[in-house]
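The next block holds one structure in the form of structure tokens; read it before the comments.
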Amino acid sequence: MTSGVLARRAGVNKETVRYYERERLLPSPPRTGGGYRTFSDEDLKRLVFIKNAQKFGFGLQEIRELLAIADGELIDRAEVRAVAKNKVAQIDEQIVRLARLRHAMQNLIHRCARHTELTGCPIIDTLADGAIDSPDTVGDR
């Protein structure tokens, strides 16, 4: 199948296919006499794998690791579990950061609602304050 057909069947654009080739996530395909790249059903399966792994939050390096494991003759499920457990830990950290960010934003909204001065806005002022290093400190003034 051509890169256009591959892209369409995988639900991506042709530039994505080229990018994954450059990143060596997809193998360089053989070419026809006219220079067209031809992809196999295995290439489609690999592209779908990449897209599904991204939906689970895996980055390209993690996907490379998973593909290397999957490309082996025997799949080391313990190694796959370790990669997945690491991803869960990253997701948990992100949840904590997002919860802090949500709390900080709620504090700013509350401060804005109580703001009685005619000028200024606590939300705008806080976002413009270069001294803010993290959402953990927002709204505690």
Nearest 0.5 Å, what's the [atom1]-[atom2] distance between [X] and [Y]?
X	Y	atom1	atom2	result
Thr126	Arg111	OG1	CZ	4.5 Å
Leu44	Leu47	CG	CG	6.5 Å
His115	Leu108	NE2	CG	12.5 Å

Query - Over 12 non-hydrogen atoms of neighbours within 6.0 angstrom of CZ in Arg31 - result: yes
Query - Partner residues of Asn86 under the side-chain hydrogen bond (donor to acceptor under 3.5 Å, both in side chains) criterion, sequence neighbours left out - result: none
If we only count heavy atoms from C-beta on, is the [X] to [Y] side-chain gap below 4.5 Å?
X	Y	result
Leu25	Phe49	no
Lys14	Leu6	no
Asp129	Asp125	no
Arg97	Gln94	yes
Ile50	Leu67	yes
Val83	Phe58	yes

**Report entry** Members sharing Ile95's hydrophobic cluster (side chains within less than 4.5 Å)
**Finding:** Ile91
[X]: what forms a side chain to side chain contact (heavy atoms under 4.5 Å, CB included) with it, not counting sequence neighbours?
X	value
His110	Arg114
Val80	Leu66, Ile69, Ile75
Glu21	Val17, Leu26, Pro29, Arg37, Phe39
Thr32	Tyr36, Thr38

Query - Counterpart residues, salt bridge (charged side-chain N to carboxylate O under 4.0 Å, His left out), relative to Arg18 (two or more places apart) - result: Glu15
Query raised in the report: Excluding sequence neighbours, so at least two apart, what forms salt bridge (charged side-chain N to carboxylate O under 4.0 Å, His left out) with Glu23?
Result: Arg64
Query raised in the report: With sequence neighbours left out, which residue pairs that include part of residues 41-50 fulfil the side chain to side chain donor-acceptor pair (under 3.5 Å) condition?
Result: Ser40-Asp43, Arg46-Asp71
Report task. Establish whether Leu101 and Ile124 are linked, either directly or via other cluster members, by ILVMFWY side-chain heavy-atom contacts under 4.5 Å. Result -> no
Report summary line: salt bridge (charged side-chain N to carboxylate O under 4.0 Å, His left out) pairs touching residues 74-94, sequence neighbours excluded, are Glu62-Lys87
